[in-house]
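Structure first, then comments.
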Amino acid sequence: MKRLTELESKILKIIWKLGSRATVNQILESWEEDKTPQYTTILKTLQIMEQKKLIDHEKNGRSYTYFPLVSKNELSINQIKNLVSIFFGNNKVAMATTLINYEKLNKEEINELKALIDKKEQELKDE
């Protein structure tokens, strides 16, 4: 999967928020930032996203309804892999160390991370 631009990522989040289907006008109406892109900017970005096989569309009267071809989970995993590759040279421990050392994790979050690590260790033992 190709990397997403910031605009592409925002558009996908809006489409998912709207129930996984949206027109250009619905995307613009749901834009939550102060500076809303132009209609043509959103349309052109959607066309690029179609070329990247991230979304597709169907004709609905005189307009098009766009829907994602990737799930949130699939996209999240891909974006994290890109992050680890670009910023940490594929070193997952360096990424985790950065997260743990520079994010203010509360006790509950730390316990969740410990539980995940314990679960992964058990899975490795069971193999």
Side-chain angles (χ1 to χ4, degrees):
M1 180 185 307
K2 296 182 180 180
R3 271 187 280 193
L4 268 68
T5 66
E6 187 176 344
L7 182 58
E8 290 169 342
S9 180
K10 288 177 183 178
I11 289 171
L12 266 176
K13 286 177 186 175
I14 290 171
I15 293 172
W16 283 320
K17 184 179 176 182
L18 293 172
S20 293
R21 292 184 136 7
T23 64
V24 175
N25 283 327
Q26 289 171 323
I27 292 168
L28 289 168
E29 290 167 5
S30 298
W31 205 262
E32 294 179 353
E33 296 176 14
D34 290 337
K35 188 175 180 188
T36 304
Q38 296 292 315
Y39 182 97
T40 53
T41 302
I42 297 295
L43 180 60
K44 182 62 179 170
T45 304
L46 287 165
Q47 291 167 347
I48 292 168
M49 291 170 72
E50 279 191 278
Q51 292 170 355
K52 290 181 175 183
K53 306 281 188 233
L54 295 169
I55 62 166
D56 202 353
H57 74 273
E58 61 186 20
K59 192 165 173 100
N60 236 358
R62 294 180 59 192
S63 63
Y64 291 105
T65 300
Y66 295 89
F67 54 92
L69 296 175
V70 293
S71 69
K72 285 183 194 180
N73 188 49
E74 184 181 0
L75 184 61
S76 296
I77 289 168
N78 185 269
Q79 294 298 87
I80 289 169
K81 284 181 178 179
N82 285 334
L83 176 77
V84 172
S85 173
I86 293 166
F87 292 103
F88 299 100
N90 286 323
N91 185 333
K92 297 171 210 80
V93 174
M95 187 211 56
T97 301
T98 300
L99 175 67
I100 290 167
N101 287 332
Y102 297 103
E103 287 295 317
K104 295 188 189 302
L105 300 174
N106 62 39
K107 189 157 185 80
E108 186 178 306
E109 291 168 325
I110 291 168
N111 288 335
E112 284 183 49
L113 289 172
K114 285 180 183 178
L116 285 169
I117 290 170
D118 290 344
K119 182 180 175 187
K120 282 296 178 187
E121 283 180 334
Q122 189 59 49
E123 287 174 5
L124 288 172
K125 286 179 187 175
D126 293 342
E127 286 183 351

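The closest donor-acceptor contact from the side chain of Gln79 to the backbone of Ser76 lies at 3.5 Å or more, if one exists at all. Judged by distance alone, with hydrogens and angles left aside, the side-chain atoms of Asn60 form no donor-acceptor pair with the main-chain N or O of Ser63 at under 3.5 Å.
Between the CG atom in Leu54 and the CD atom in Glu74 there is a gap of 9.0 Å [rounded to 0.5 Å]. Summarising the geometry, atom CG belonging to Leu75 is positioned 10.5 Å from atom NZ belonging to Lys72; distances are rounded to the nearest 0.5 Å. Atom-to-atom distance recorded for Ile100:CD1 and Ile110:CD1 is 8.0 Å, nearest 0.5 angstrom. Between Ile27 atom CD1 and Lys13 atom NZ the span is 14.5 Å, to the nearest 0.5 Å. Atom-to-atom distance recorded for Ile48:CD1 and Ile55:CD1 is 10.5 Å, nearest 0.5 angstrom. The CG atom of Leu43 sits 10.5 Å away from atom CG of Asn25, with the distance rounded to the nearest 0.5 Å.
Under the 4.5 Å side-chain heavy-atom criterion for Ile, Leu, Val, Met, Phe, Trp and Tyr, Val84 and Leu4 are members of distinct hydrophobic clusters. One hydrophobic cluster holds both Phe87 and Ile80 under the rule that ILVMFWY side chains link at heavy-atom gaps under 4.5 Å. Note on Ile14 and Leu12: same hydrophobic cluster, where clusters join Ile, Leu, Val, Met, Phe, Trp and Tyr whose side-chain heavy atoms are under 4.5 Å apart, directly or indirectly. Cluster membership check: Leu83 shares its hydrophobic cluster with Ile86, using side-chain heavy-atom separations under 4.5 Å among Ile, Leu, Val, Met, Phe, Trp and Tyr. By the criterion of side-chain heavy atoms lying less than 4.5 angstrom apart, applied directly or through intervening Ile, Leu, Val, Met, Phe, Trp or Tyr residues, Ile77 is not grouped with Leu113; the two fall into different hydrophobic clusters.
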Report task. Carefully, step by step, assess Tyr66 and Ile11 under the rule side chain to side chain contact (heavy atoms under 4.5 Å, CB included). Result -> CA-CA 10 Å; Tyr66 295 89; Ile11 289 171; over 6 Å; no
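For CZ of Phe67, the number of neighbouring non-hydrogen atoms (other residues, nucleotides, ligands) closer than 6.0 Å is greater than 12.
Side chains of Lys52 and Met49 form no contact here, defined as non-hydrogen atoms less than 4.5 Å apart. Within the 4.5 Å cutoff, side-chain heavy atoms of Lys10 are placed close to those of Glu33.
For the ring-ring contact (aromatic ring centres under 6.0 Å, His included) test, residues two or more places apart in sequence or in another chain that qualify with Tyr64 are His57.
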Listing, residues 16-23 side-chain donor-acceptor contacts under 3.5 Å, not counting sequence neighbours, or none:
{"from": "Lys17", "atom 1": "NZ", "to": "Glu32", "atom 2": "OE2", "distance (Å)": "2.3"}
{"from": "Arg21", "atom 1": "NH2", "to": "Glu58", "atom 2": "OE1", "distance (Å)": "3.3"}
{"from": "Arg21", "atom 1": "NH2", "to": "Glu58", "atom 2": "OE2", "distance (Å)": "3.3"}
{"from": "Thr23", "atom 1": "OG1", "to": "Gln26", "atom 2": "N", "distance (Å)": "3.1"}
{"from": "Thr23", "atom 1": "OG1", "to": "Gln26", "atom 2": "OE1", "distance (Å)": "3.4"}

Which atom pairs, one a donor and one an acceptor, fall under 3.5 Å between side chains of residues 118-127 and the rest of the protein, sequence neighbours left out?
{"from": "Lys120", "atom 1": "NZ", "to": "Glu123", "atom 2": "OE1", "distance (Å)": "3.3"}
{"from": "Gln122", "atom 1": "NE2", "to": "Asp126", "atom 2": "OD1", "distance (Å)": "3.0"}

